[in-house]
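Read through the structure below, which is laid out as C-alpha coordinates, and then see the notes.
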Amino acid sequence: MTEENYQYRTSPLFLRNEFPGPGKWKIPVIPKSSFSEDEFFDLRLIGFDRTKKGEARHWERIVHFFLYDYKFERIWKNPEQDLERLKPYRAILSPDFSMYLEMSPIIQLYNVFRNRWCGAYYADKGLRVIPTVSWGDESTFDFCFEGIPKGSTVAVSTYMVTAHGNHADQKEFFMKGYNELLRRVEPERILCYNKDGIFPEMEGNIISIDYDRSSWMYQDKPDTPSKYLPYICGELPSPEDSGLIIKRGYVLLDHIELGMGSAYGGAWRPKKKADERFLGKPGEVKTTYTQKGEKRETHIGPDGRADRERHHSDHHQPDKHSNPHDHEIDWSKGFPDPQSPINYEDGEEPTFMNYQGGKFMSVDKMPSDEERCRMIEENRFETISDFKWCVAHGGEVEFGWKDHIFVICPKLRRTPDSPIQMLISEVCIDDPVSTEFWGDTADDILEYIVAGDRLRDVITQVTVYDRTI
(Lines give C-alpha, C1' and ligand atoms only; values in the text may rest on other atoms or scores of the structure.)
Protein backbone atom coordinates (compact mmCIF):
# COMPACT_ATOMS: atom_id res chain seq x y z
CA MET A 1 0.00 0.00 0.00
CA THR A 2 1.42 3.39 -0.98
CA GLU A 3 1.55 6.28 1.47
CA GLU A 4 -0.88 8.24 -0.69
CA ASN A 5 -3.34 5.33 -0.74
CA TYR A 6 -3.07 4.89 3.03
CA GLN A 7 -3.66 8.59 3.74
CA TYR A 8 -6.74 8.65 1.54
CA ARG A 9 -8.26 5.52 3.08
CA THR A 10 -7.69 6.73 6.64
CA SER A 11 -8.60 10.39 6.12
CA PRO A 12 -11.18 11.63 8.65
CA LEU A 13 -13.01 13.39 5.80
CA PHE A 14 -13.37 10.00 4.13
CA LEU A 15 -14.27 7.92 7.19
CA ARG A 16 -16.21 10.64 9.05
CA ASN A 17 -15.57 8.82 12.30
CA GLU A 18 -14.15 11.57 14.51
CA PHE A 19 -17.39 12.17 16.41
CA PRO A 20 -19.00 8.78 17.03
CA GLY A 21 -22.37 9.12 18.68
CA PRO A 22 -24.40 6.62 20.68
CA GLY A 23 -27.07 4.33 19.38
CA LYS A 24 -27.53 2.24 16.29
CA TRP A 25 -26.49 4.85 13.74
CA LYS A 26 -23.58 6.47 15.64
CA ILE A 27 -24.89 9.89 14.61
CA PRO A 28 -22.50 12.58 15.95
CA VAL A 29 -23.62 14.68 18.90
CA ILE A 30 -23.62 18.48 18.67
CA PRO A 31 -22.52 19.66 22.14
CA LYS A 32 -25.01 21.84 23.96
CA SER A 33 -24.02 25.53 23.70
CA SER A 34 -24.72 28.10 26.39
CA PHE A 35 -26.48 31.38 25.66
CA SER A 36 -27.86 34.23 27.70
CA GLU A 37 -31.45 35.31 27.15
CA ASP A 38 -30.25 38.74 26.00
CA GLU A 39 -28.60 37.16 22.98
CA PHE A 40 -32.01 36.25 21.55
CA PHE A 41 -33.59 39.69 21.91
CA ASP A 42 -34.45 41.05 18.44
CA LEU A 43 -32.37 38.25 16.95
CA ARG A 44 -31.62 38.22 13.25
CA LEU A 45 -30.05 35.53 11.15
CA ILE A 46 -27.88 35.71 8.06
CA GLY A 47 -27.79 33.13 5.29
CA PHE A 48 -24.52 31.27 4.81
CA ASP A 49 -24.47 32.45 1.21
CA ARG A 50 -24.39 36.08 2.46
CA THR A 51 -21.49 35.71 4.86
CA LYS A 52 -18.12 37.17 3.93
CA LYS A 53 -14.72 36.66 5.46
CA GLY A 54 -13.60 39.87 7.15
CA GLU A 55 -17.01 41.55 6.75
CA ALA A 56 -17.80 42.65 10.31
CA ARG A 57 -21.17 44.38 9.76
CA HIS A 58 -23.28 41.35 10.68
CA TRP A 59 -21.15 39.38 13.11
CA GLU A 60 -23.84 39.83 15.77
CA ARG A 61 -26.13 37.56 13.73
CA ILE A 62 -26.45 33.77 13.72
CA VAL A 63 -25.66 32.02 10.45
CA HIS A 64 -28.44 29.86 9.00
CA PHE A 65 -28.55 27.25 6.23
CA PHE A 66 -32.23 27.45 5.30
CA LEU A 67 -31.15 27.50 1.66
CA TYR A 68 -31.03 25.22 -1.35
CA ASP A 69 -28.62 22.42 -0.48
CA TYR A 70 -26.25 23.19 -3.34
CA LYS A 71 -25.45 26.53 -1.72
CA PHE A 72 -23.73 24.86 1.20
CA GLU A 73 -22.60 21.43 -0.04
CA ARG A 74 -19.07 22.78 0.33
CA ILE A 75 -19.57 22.70 4.11
CA TRP A 76 -19.80 18.91 3.94
CA LYS A 77 -17.09 18.40 1.35
CA ASN A 78 -14.48 20.64 2.97
CA PRO A 79 -15.66 22.23 6.24
CA GLU A 80 -12.25 23.67 7.07
CA GLN A 81 -12.26 26.12 4.16
CA ASP A 82 -15.10 28.15 5.75
CA LEU A 83 -13.96 27.90 9.36
CA GLU A 84 -12.38 31.36 9.56
CA ARG A 85 -15.31 32.83 7.65
CA LEU A 86 -17.80 31.56 10.25
CA LYS A 87 -15.84 31.99 13.47
CA PRO A 88 -16.67 35.68 14.13
CA TYR A 89 -20.45 35.22 14.06
CA ARG A 90 -22.47 34.91 17.26
CA ALA A 91 -23.26 31.27 16.46
CA ILE A 92 -24.22 29.05 13.56
CA LEU A 93 -27.11 26.70 12.95
CA SER A 94 -26.13 23.23 11.81
CA PRO A 95 -26.50 22.83 8.01
CA ASP A 96 -30.07 21.91 7.13
CA PHE A 97 -29.67 19.23 4.47
CA SER A 98 -33.11 18.47 3.02
CA MET A 99 -35.54 15.96 4.54
CA TYR A 100 -38.36 15.88 1.99
CA LEU A 101 -41.11 13.31 2.45
CA GLU A 102 -40.56 12.02 -1.07
CA MET A 103 -36.88 11.24 -0.43
CA SER A 104 -35.56 7.72 -0.04
CA PRO A 105 -35.20 6.90 3.70
CA ILE A 106 -31.49 6.22 3.28
CA ILE A 107 -30.99 9.76 1.92
CA GLN A 108 -32.96 11.18 4.85
CA LEU A 109 -30.71 9.29 7.28
CA TYR A 110 -27.60 10.43 5.40
CA ASN A 111 -28.71 14.06 5.55
CA VAL A 112 -29.34 13.87 9.31
CA PHE A 113 -25.84 12.43 9.73
CA ARG A 114 -24.34 15.26 7.65
CA ASN A 115 -26.26 17.86 9.64
CA ARG A 116 -24.91 16.57 12.94
CA TRP A 117 -21.39 15.82 11.70
CA CYS A 118 -20.89 19.37 10.41
CA GLY A 119 -22.32 20.78 13.64
CA ALA A 120 -20.01 18.60 15.74
CA TYR A 121 -17.03 19.58 13.61
CA TYR A 122 -17.57 23.32 14.05
CA ALA A 123 -18.33 22.93 17.74
CA ASP A 124 -15.02 21.07 18.07
CA LYS A 125 -13.33 24.10 16.48
CA GLY A 126 -14.78 26.44 19.08
CA LEU A 127 -17.95 27.74 17.38
CA ARG A 128 -21.27 27.79 19.17
CA VAL A 129 -23.62 25.57 17.19
CA ILE A 130 -27.41 25.31 17.41
CA PRO A 131 -28.84 22.09 15.93
CA THR A 132 -31.31 22.61 13.10
CA VAL A 133 -34.00 19.94 13.27
CA SER A 134 -36.00 18.53 10.35
CA TRP A 135 -38.00 15.34 10.00
CA GLY A 136 -39.93 13.26 7.53
CA ASP A 137 -42.81 10.93 8.31
CA GLU A 138 -42.99 9.02 11.59
CA SER A 139 -40.52 6.38 10.35
CA THR A 140 -37.75 9.02 10.54
CA PHE A 141 -38.33 9.63 14.26
CA ASP A 142 -35.92 6.74 14.94
CA PHE A 143 -32.99 8.90 13.83
CA CYS A 144 -33.95 12.51 13.06
CA PHE A 145 -33.67 13.66 16.70
CA GLU A 146 -30.38 11.85 17.35
CA GLY A 147 -27.25 13.84 18.14
CA ILE A 148 -29.06 16.57 20.12
CA PRO A 149 -28.52 16.61 23.91
CA LYS A 150 -31.58 17.17 26.06
CA GLY A 151 -32.13 20.79 27.00
CA SER A 152 -30.39 22.15 23.89
CA THR A 153 -31.44 25.26 22.04
CA VAL A 154 -32.70 24.08 18.62
CA ALA A 155 -33.88 25.71 15.40
CA VAL A 156 -36.81 24.88 13.12
CA SER A 157 -38.59 26.64 10.29
CA THR A 158 -42.25 26.51 9.39
CA TYR A 159 -41.85 28.31 6.07
CA MET A 160 -42.31 25.35 3.73
CA VAL A 161 -45.13 23.84 5.81
CA THR A 162 -47.28 26.96 6.24
CA ALA A 163 -49.82 28.05 3.67
CA HIS A 164 -48.32 30.21 0.93
CA GLY A 165 -49.15 30.94 -2.67
CA ASN A 166 -51.56 28.30 -3.94
CA HIS A 167 -50.51 25.72 -1.35
CA ALA A 168 -52.32 24.72 1.82
CA ASP A 169 -50.39 24.22 5.04
CA GLN A 170 -48.86 20.91 6.16
CA LYS A 171 -49.60 21.55 9.82
CA GLU A 172 -50.59 17.98 10.72
CA PHE A 173 -47.28 16.65 9.38
CA PHE A 174 -45.26 19.39 11.09
CA MET A 175 -46.94 19.10 14.49
CA LYS A 176 -46.35 15.34 14.71
CA GLY A 177 -42.60 15.89 14.43
CA TYR A 178 -42.61 19.03 16.53
CA ASN A 179 -44.34 17.35 19.45
CA GLU A 180 -41.92 14.43 19.18
CA LEU A 181 -39.04 16.94 19.28
CA LEU A 182 -40.44 18.41 22.50
CA ARG A 183 -40.81 14.97 24.02
CA ARG A 184 -37.39 13.62 23.10
CA VAL A 185 -35.14 16.68 23.33
CA GLU A 186 -36.99 18.89 25.83
CA PRO A 187 -35.33 21.94 24.25
CA GLU A 188 -34.50 24.96 26.36
CA ARG A 189 -35.70 27.20 23.57
CA ILE A 190 -36.81 26.80 19.95
CA LEU A 191 -35.76 29.32 17.33
CA CYS A 192 -38.55 29.44 14.75
CA TYR A 193 -37.50 31.02 11.47
CA ASN A 194 -40.78 32.38 10.12
CA LYS A 195 -42.41 34.72 12.63
CA ASP A 196 -45.74 34.73 10.80
CA GLY A 197 -45.83 30.94 10.54
CA ILE A 198 -45.95 29.86 14.18
CA PHE A 199 -48.90 27.49 14.55
CA PRO A 200 -51.09 28.17 17.61
CA GLU A 201 -50.59 24.55 18.72
CA MET A 202 -46.81 24.95 19.05
CA GLU A 203 -45.71 24.80 22.68
CA GLY A 204 -42.39 25.55 24.32
CA ASN A 205 -40.10 28.55 24.74
CA ILE A 206 -40.31 29.78 21.14
CA ILE A 207 -38.08 32.59 19.86
CA SER A 208 -39.70 33.90 16.68
CA ILE A 209 -37.37 35.23 14.00
CA ASP A 210 -38.61 37.60 11.33
CA TYR A 211 -37.64 36.14 7.97
CA ASP A 212 -37.91 39.46 6.11
CA ARG A 213 -35.68 41.38 8.53
CA SER A 214 -33.12 38.58 8.47
CA SER A 215 -32.99 38.38 4.68
CA TRP A 216 -30.45 39.89 2.31
CA MET A 217 -32.89 42.72 1.53
CA TYR A 218 -32.17 44.31 4.92
CA GLN A 219 -28.40 44.01 5.04
CA ASP A 220 -27.51 47.62 4.18
CA LYS A 221 -28.95 49.02 7.41
CA PRO A 222 -30.92 47.32 10.20
CA ASP A 223 -34.35 48.33 8.92
CA THR A 224 -33.61 49.61 5.42
CA PRO A 225 -33.96 47.36 2.37
CA SER A 226 -30.92 46.99 0.12
CA LYS A 227 -30.49 50.01 -2.12
CA TYR A 228 -30.08 47.63 -5.05
CA LEU A 229 -33.41 45.87 -4.49
CA PRO A 230 -35.47 47.86 -7.05
CA TYR A 231 -32.90 47.08 -9.77
CA ILE A 232 -32.50 43.42 -8.87
CA CYS A 233 -36.26 42.92 -8.85
CA GLY A 234 -36.66 44.69 -12.18
CA GLU A 235 -38.84 47.43 -10.71
CA LEU A 236 -36.41 50.06 -12.03
CA PRO A 237 -33.96 49.96 -14.95
CA SER A 238 -30.29 49.95 -13.94
CA PRO A 239 -28.88 53.50 -13.78
CA GLU A 240 -26.74 54.44 -16.75
CA ASP A 241 -22.97 54.26 -16.16
CA SER A 242 -23.62 52.69 -12.75
CA GLY A 243 -21.42 49.69 -13.40
CA LEU A 244 -24.16 47.56 -11.81
CA ILE A 245 -24.27 44.10 -13.39
CA ILE A 246 -27.41 42.10 -12.75
CA LYS A 247 -27.56 38.43 -13.69
CA ARG A 248 -31.16 37.47 -14.14
CA GLY A 249 -32.74 34.08 -13.71
CA TYR A 250 -35.55 32.42 -11.82
CA VAL A 251 -34.93 34.25 -8.54
CA LEU A 252 -37.55 34.25 -5.81
CA LEU A 253 -37.31 36.93 -3.16
CA ASP A 254 -38.54 34.38 -0.64
CA HIS A 255 -35.42 32.31 -1.21
CA ILE A 256 -35.67 30.32 2.00
CA GLU A 257 -35.80 26.63 1.19
CA LEU A 258 -36.12 24.56 4.31
CA GLY A 259 -36.09 21.01 3.01
CA MET A 260 -38.90 19.53 5.11
CA GLY A 261 -42.42 18.43 4.30
CA SER A 262 -43.45 17.63 0.76
CA ALA A 263 -41.00 18.64 -1.98
CA TYR A 264 -44.06 19.85 -3.91
CA GLY A 265 -45.43 21.97 -1.06
CA GLY A 266 -48.81 21.53 0.58
CA ALA A 267 -51.91 20.50 -1.30
CA TRP A 268 -52.81 22.96 -4.06
CA ARG A 269 -55.67 25.31 -3.29
CA PRO A 270 -57.35 27.99 -5.42
CA LYS A 271 -55.82 31.43 -4.99
CA LYS A 272 -58.21 33.25 -7.34
CA LYS A 273 -61.93 32.67 -7.61
CA ALA A 274 -61.43 31.61 -11.23
CA ASP A 275 -59.10 28.83 -10.06
CA GLU A 276 -61.99 27.15 -8.22
CA ARG A 277 -63.03 25.66 -11.54
CA PHE A 278 -60.14 23.14 -11.31
CA LEU A 279 -61.76 21.32 -8.36
CA GLY A 280 -65.20 19.75 -8.12
CA LYS A 281 -67.25 16.59 -8.11
CA PRO A 282 -66.14 13.73 -10.36
CA GLY A 283 -67.83 13.96 -13.73
CA GLU A 284 -68.81 17.63 -13.53
CA VAL A 285 -68.26 19.95 -16.43
CA LYS A 286 -67.95 23.46 -15.04
CA THR A 287 -68.80 26.32 -17.37
CA THR A 288 -67.26 29.68 -16.53
CA TYR A 289 -66.46 32.88 -18.39
CA THR A 290 -63.36 35.04 -18.60
CA GLN A 291 -63.38 38.76 -17.95
CA LYS A 292 -63.95 39.30 -21.68
CA GLY A 293 -66.90 36.90 -21.73
CA GLU A 294 -65.14 33.96 -23.42
CA LYS A 295 -66.50 30.59 -22.33
CA ARG A 296 -64.41 27.87 -20.65
CA GLU A 297 -65.59 24.34 -19.93
CA THR A 298 -63.62 22.43 -17.32
CA HIS A 299 -64.02 18.67 -17.01
CA ILE A 300 -63.52 17.24 -13.51
CA GLY A 301 -61.87 13.83 -13.41
CA PRO A 302 -62.57 10.89 -11.10
CA ASP A 303 -60.28 12.25 -8.36
CA GLY A 304 -62.14 15.57 -8.10
CA ARG A 305 -59.52 17.50 -10.05
CA ALA A 306 -59.79 18.91 -13.56
CA ASP A 307 -58.36 16.65 -16.25
CA ARG A 308 -59.32 18.62 -19.37
CA GLU A 309 -60.44 22.13 -20.25
CA ARG A 310 -61.99 23.58 -23.38
CA HIS A 311 -61.46 27.22 -24.37
CA HIS A 312 -64.00 28.75 -26.70
CA SER A 313 -61.48 31.24 -28.03
CA ASP A 314 -58.49 31.35 -30.36
CA HIS A 315 -56.69 33.77 -28.00
CA HIS A 316 -56.14 36.11 -30.96
CA GLN A 317 -53.88 33.45 -32.48
CA PRO A 318 -56.09 31.66 -35.06
CA ASP A 319 -53.06 30.01 -36.65
CA LYS A 320 -52.02 28.57 -33.25
CA HIS A 321 -55.39 27.81 -31.63
CA SER A 322 -58.62 26.54 -33.09
CA ASN A 323 -61.87 27.83 -31.65
CA PRO A 324 -62.61 25.85 -29.58
CA HIS A 325 -59.46 24.04 -28.46
CA ASP A 326 -58.66 21.82 -25.48
CA HIS A 327 -55.91 21.55 -22.89
CA GLU A 328 -55.20 18.44 -20.88
CA ILE A 329 -54.55 19.33 -17.24
CA ASP A 330 -51.53 17.66 -15.66
CA TRP A 331 -51.31 17.40 -11.83
CA SER A 332 -48.03 15.51 -11.54
CA LYS A 333 -46.35 18.55 -9.95
CA GLY A 334 -49.15 19.07 -7.46
CA PHE A 335 -50.99 21.90 -9.24
CA PRO A 336 -53.06 22.28 -12.44
CA ASP A 337 -50.61 22.54 -15.35
CA PRO A 338 -52.35 23.07 -18.73
CA GLN A 339 -50.57 21.25 -21.53
CA SER A 340 -50.11 22.24 -25.17
CA PRO A 341 -53.33 23.11 -27.03
CA ILE A 342 -55.25 20.36 -28.81
CA ASN A 343 -56.69 21.91 -31.95
CA TYR A 344 -59.57 20.69 -34.13
CA GLU A 345 -60.81 21.20 -37.65
CA ASP A 346 -63.98 23.29 -37.82
CA GLY A 347 -66.85 21.34 -36.29
CA GLU A 348 -64.83 18.20 -35.55
CA GLU A 349 -64.21 18.77 -31.85
CA PRO A 350 -65.51 15.91 -29.66
CA THR A 351 -68.44 16.50 -27.33
CA PHE A 352 -67.44 17.50 -23.83
CA MET A 353 -69.23 14.73 -21.92
CA ASN A 354 -69.81 14.18 -18.24
CA TYR A 355 -69.62 10.68 -16.80
CA GLN A 356 -70.11 8.60 -13.63
CA GLY A 357 -73.45 10.21 -12.97
CA GLY A 358 -71.98 13.70 -12.74
CA LYS A 359 -74.00 16.78 -13.46
CA PHE A 360 -73.22 19.82 -15.53
CA MET A 361 -72.58 23.05 -13.64
CA SER A 362 -73.09 26.13 -15.74
CA VAL A 363 -72.78 29.86 -15.33
CA ASP A 364 -75.18 30.97 -18.03
CA LYS A 365 -74.78 34.70 -17.57
CA MET A 366 -71.90 36.89 -18.56
CA PRO A 367 -69.86 38.41 -15.72
CA SER A 368 -71.24 41.65 -14.32
CA ASP A 369 -69.22 44.87 -14.32
CA GLU A 370 -68.42 44.26 -10.67
CA GLU A 371 -67.22 40.73 -11.44
CA ARG A 372 -65.11 41.99 -14.34
CA CYS A 373 -63.35 44.46 -12.05
CA ARG A 374 -62.73 41.70 -9.52
CA MET A 375 -61.30 39.44 -12.23
CA ILE A 376 -58.88 42.12 -13.41
CA GLU A 377 -57.65 42.70 -9.87
CA GLU A 378 -57.27 38.98 -9.21
CA ASN A 379 -55.45 38.45 -12.50
CA ARG A 380 -52.91 41.19 -11.82
CA PHE A 381 -49.30 40.03 -11.51
CA GLU A 382 -48.14 41.05 -8.06
CA THR A 383 -44.47 40.29 -8.72
CA ILE A 384 -42.18 39.29 -11.56
CA SER A 385 -41.92 35.87 -9.92
CA ASP A 386 -45.72 35.55 -10.09
CA PHE A 387 -45.57 36.18 -13.84
CA LYS A 388 -42.69 33.75 -14.36
CA TRP A 389 -44.47 30.99 -12.52
CA CYS A 390 -47.66 31.52 -14.52
CA VAL A 391 -46.17 31.34 -18.02
CA ALA A 392 -43.57 28.71 -17.12
CA HIS A 393 -46.43 26.40 -16.18
CA GLY A 394 -48.62 26.87 -19.21
CA GLY A 395 -50.67 29.92 -18.25
CA GLU A 396 -52.02 31.74 -21.29
CA VAL A 397 -52.14 35.49 -20.71
CA GLU A 398 -53.88 38.41 -22.37
CA PHE A 399 -53.01 41.90 -21.14
CA GLY A 400 -53.28 45.53 -22.09
CA TRP A 401 -50.69 48.29 -21.92
CA LYS A 402 -51.02 51.83 -23.31
CA ASP A 403 -54.10 50.96 -25.39
CA HIS A 404 -52.33 47.96 -26.95
CA ILE A 405 -53.36 44.33 -26.42
CA PHE A 406 -50.81 41.51 -26.12
CA VAL A 407 -51.14 37.75 -25.73
CA ILE A 408 -48.68 35.20 -24.37
CA CYS A 409 -49.11 31.57 -25.34
CA PRO A 410 -46.76 29.08 -23.65
CA LYS A 411 -46.11 25.49 -24.69
CA LEU A 412 -46.34 26.03 -28.44
CA ARG A 413 -44.21 24.77 -31.31
CA ARG A 414 -43.19 27.03 -34.19
CA THR A 415 -43.15 23.96 -36.43
CA PRO A 416 -44.26 20.39 -35.69
CA ASP A 417 -40.64 19.36 -35.14
CA SER A 418 -39.42 22.38 -33.15
CA PRO A 419 -39.03 22.33 -29.36
CA ILE A 420 -41.77 23.76 -27.17
CA GLN A 421 -41.42 27.50 -26.63
CA MET A 422 -43.56 30.42 -25.55
CA LEU A 423 -44.90 33.14 -27.82
CA ILE A 424 -45.76 36.79 -27.18
CA SER A 425 -47.40 38.96 -29.81
CA GLU A 426 -49.44 42.13 -30.15
CA VAL A 427 -53.02 41.76 -31.26
CA CYS A 428 -52.94 43.31 -34.75
CA ILE A 429 -55.98 42.64 -36.87
CA ASP A 430 -54.22 43.36 -40.17
CA ASP A 431 -51.04 41.34 -39.61
CA PRO A 432 -50.89 39.36 -36.35
CA VAL A 433 -47.82 37.33 -37.39
CA SER A 434 -45.59 40.40 -37.84
CA THR A 435 -45.32 40.99 -34.10
CA GLU A 436 -44.46 37.45 -33.05
CA PHE A 437 -41.61 36.89 -30.64
CA TRP A 438 -40.64 33.40 -29.52
CA GLY A 439 -38.76 32.78 -26.30
CA ASP A 440 -37.37 29.76 -24.52
CA THR A 441 -37.96 31.10 -21.01
CA ALA A 442 -40.08 33.62 -19.15
CA ASP A 443 -37.00 35.84 -18.92
CA ASP A 444 -36.85 35.99 -22.72
CA ILE A 445 -40.46 37.16 -22.82
CA LEU A 446 -39.80 39.78 -20.13
CA GLU A 447 -37.24 41.43 -22.41
CA TYR A 448 -39.86 42.00 -25.14
CA ILE A 449 -40.78 45.64 -25.81
CA VAL A 450 -44.49 46.36 -25.36
CA ALA A 451 -45.70 49.77 -26.59
CA GLY A 452 -42.23 51.24 -26.05
CA ASP A 453 -41.52 49.68 -22.63
CA ARG A 454 -39.64 46.56 -21.65
CA LEU A 455 -42.18 44.07 -20.30
CA ARG A 456 -40.01 43.37 -17.26
CA ASP A 457 -40.33 47.02 -16.23
CA VAL A 458 -44.13 47.16 -16.47
CA ILE A 459 -45.43 43.62 -15.93
CA THR A 460 -46.82 44.44 -12.47
CA GLN A 461 -48.63 47.48 -13.91
CA VAL A 462 -50.30 46.01 -17.01
CA THR A 463 -54.03 45.24 -17.07
CA VAL A 464 -54.39 41.47 -17.22
CA TYR A 465 -57.65 40.59 -18.93
CA ASP A 466 -57.17 36.84 -18.74
CA ARG A 467 -54.72 34.28 -17.36
CA THR A 468 -55.62 30.64 -17.34
CA ILE A 469 -53.75 29.91 -14.08
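Classification of E447 and R456 as a salt-bridged pair holds, one side-chain N sitting under 4.0 Å from a carboxylate O. Salt bridge status for K171 with E201: present, with a side-chain N to carboxylate O gap under 4.0 Å. Ionic pairing of E73 and R114 is present here: one or more N-O contacts between side-chain nitrogen and carboxylate oxygen are shorter than 4.0 angstrom. Checked for salt-bridge contact, D386 and R467 meet the test: a charged N lies under 4.0 Å from a carboxylate O. For K292 and E398, the salt-bridge test passes: some basic side-chain N is under 4.0 Å from an acidic carboxylate O.
Under the salt bridge (Lys or Arg N to Asp or Glu O under 4.0 Å) criterion, D330 pairs with no residue, sequence neighbours left out. Every residue meeting the side chain to side chain donor-acceptor pair (under 3.5 Å) condition with R296, not counting sequence neighbours, appears here in chain and number order: D466. By the side chain to side chain donor-acceptor pair (under 3.5 Å) test, N379 pairs with no residue at all, sequence neighbours left out. Under the side chain to side chain donor-acceptor pair (under 3.5 Å) criterion, Q108 pairs with no residue, sequence neighbours left out. Taking R374 as the reference, E378 meet the side chain to side chain donor-acceptor pair (under 3.5 Å) condition, with sequence neighbours excluded.
No side-chain N or O of T288 forms a donor-acceptor pair with one of R277 less than 3.5 Å apart. Side chains of Y193 and D210: no donor on one and acceptor on the other come within 3.5 Å. Under 3.5 Å, the side chains of H311 and E309 contain a donor-acceptor pair of N or O atoms.
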Let me check something: any side-chain donor-acceptor pairs from residues 399-409 under 3.5 Å, sequence neighbours excluded? List them with distances.
{"unit_1": "W401", "atom_1": "NE1", "unit_2": "D453", "atom_2": "OD2", "d": "2.9"}
{"unit_1": "K402", "atom_1": "NZ", "unit_2": "D453", "atom_2": "OD2", "d": "2.7"}
{"unit_1": "H404", "atom_1": "ND1", "unit_2": "E426", "atom_2": "OE2", "d": "2.5"}

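Ring to ring, F48 and F72 are not that close: their centroids are 6.0 angstrom or more apart. The aromatic ring centres of Y178 and F199 sit 6.0 Å or more apart. With ring centers used as reference points, H315 lies under 6.0 Å from H325. Between W389 and F335, the distance separating the two ring centers is shorter than 6.0 angstrom.
For the pair R305 and W268, the NZ or CZ position fails the cation-pi test of under 6.0 Å to the six-membered ring centre and within 45 degrees of the ring normal. A cation-pi contact, defined as under 6.0 Å to the ring centre and within 45° of the axis, is absent between R184 and F145.
With contacts defined as side-chain heavy-atom distances shorter than 4.5 Å, the pair I92/I130 does not qualify.
Taking OH of Y110 as the reference point, atom CD1 of I106 lies at 11.0 Å (rounded to 0.5 Å).
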